[in-house]
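Scroll down for the structure; my scribbles are underneath it.
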Amino acid sequence: MSHFAKVENGLVTQVVVAEQEFIDTGALGHGWVQTSYNTIGGVHTQGGTPLRGNYAGVGFTYDATNDVFYAPQPFDNWVMNSSWLWVPPIAMPVDEYFYTWNQETTTWVQGDLRPIPEPIPEPVVEPVVEAVVEPVVEPVVEPVVEPVAATEPVVEPEVAVETPVTPETPETVQP
């Protein structure tokens, strides 16, 4: 998804997030110009390619000649620099305080002390221990067949014994 600014008579009246293909359909009308959320002062904050000077906001000016967006002038004595940003006639102090611009005195007024962030402790990193893990080979277990308890007495089968049959010899008949 990308950001697009609706430009009417050189002023941004609306900003939407949409796909380029949707903008190209004309469903939202015409006059949409792509803007990059990550572009400030001609620099892409994420290391990419800057797009049109600054991210467009409602009330910004679109300079079609230079193909850039820039914010409204905050005070009459502020001037635009080469990065399309408004700068005061006196640089703001850089220290531990907040500052606001006073146009009547054309000076910076010191405000509250900036909070000092608590240091973030570095995480404890446990050393990595390398170990060789041998695969576990499960032994093959043969099933054990248990004898079945007999509920009736075991009767041995009778074995038939065959007696050899021999031809009978005739008895000697006595006369």
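- Across Val15, Ile23, Thr35, Val33, a single residue satisfies side-chain contact (heavy atoms from CB on, under 4.5 Å) together with Phe4, and that is Ile23.
- For the pair Thr106 and Ile90, the tightest heavy-atom approach, listed with the atom from each and the gap, is O-CD1, 3.2 Å.
- No single ILVMFWY cluster, assembled from side-chain heavy atoms under 4.5 Å apart, contains both Tyr37 and Val68.
- Side-chain contact between Val79 and Val87 is present, with at least one heavy-atom pair separated by less than 4.5 Å.
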### Query
Do Gln110 and Trp108 pass the side-chain hydrogen bond (donor to acceptor under 3.5 Å, both in side chains) test, and can you show the C-alpha distance, the side-chain angles, and the key distance before you say yes or no?
CA-CA 6 Å; Gln110 188 179 52; Trp108 290 101; over 6 Å; no
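- To the nearest 0.5 Å, atom CZ of residue Phe60 and atom OH of residue Tyr70 are 11.5 Å apart.
- Using cut-offs of 30° and 60° for the angle between ring planes, the Tyr97 and Tyr99 rings count as perpendicular.
- Nearest heavy-atom pair, Thr49 versus His44, reported as atom, atom and distance to 0.1 Å: O-CD2, 3.4 Å.
- Rounded to the nearest 0.5 angstrom, Asn54 CG and Ser83 OG are separated by 8.5 Å.
- Taking both residues in full, the closest heavy atoms of Trp78 and Gln73 are given as O-NE2, 2.6 Å, listed atom of the first, atom of the second, then distance.
- The nearest pair of heavy atoms linking Arg114 to Asp95 is NE-O, 3.6 Å.
- Taking all atoms of both residues into account, the shortest heavy-atom contact from Thr39 to Gly53 is CG2-O, 3.3 Å.
- Of the inter-residue distances, the one linking Trp86 atom CH2 with Asn81 atom CG reads 10.0 Å to the nearest 0.5 angstrom.
- Ring geometry for Tyr62 versus Phe69: interplanar angle of 30 to 60°, hence tilted.
- The main-chain N or O of Gln34 is found under 3.5 Å from a side-chain atom of Arg52 such that the two form a donor-acceptor pair.
- Looking only at distances, a side-chain donor or acceptor of Lys6 sits under 3.5 Å from a matching main-chain atom of His30.
- By the neighbour-count criterion of 12 heavy atoms within 6.0 Å, atom CG of Leu113 is densely surrounded, having more than that number from other residues, nucleotides or ligands.
- Trp84 places no side-chain N or O within donor-acceptor distance of the main-chain N or O of Met80, the cut-off being under 3.5 Å.
- Hydrophobic clustering of Ile, Leu, Val, Met, Phe, Trp and Tyr side chains at less than 4.5 Å, counting indirect connections, unites Tyr55 with Val12.
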### Task
Test side-chain contact (heavy atoms from CB on, under 4.5 Å) on Leu28 and Phe22 and set out the steps.
CA-CA 9 Å; Leu28 298 178; Phe22 178 72; 3.6 Å; yes
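- Sparse packing is recorded around CG of Asp112, with 12 or fewer heavy atoms of other residues, nucleotides or ligands lying under 6.0 Å away.
- The environment of CG in Asp24 is crowded: more than 12 heavy-atom neighbours from other residues, nucleotides or ligands sit within 6.0 Å.
- Looking at every heavy atom in both residues, Asn77 comes nearest to Pro89 through ND2-CG, 3.5 Å.
- Expressed to the nearest 0.5 Å, how far OG1 of Thr25 lies from CD of Glu19 amounts to 11.5 Å.
- Atom-to-atom distance recorded for Phe98:CZ and Met92:CE is 10.0 Å, nearest 0.5 angstrom.
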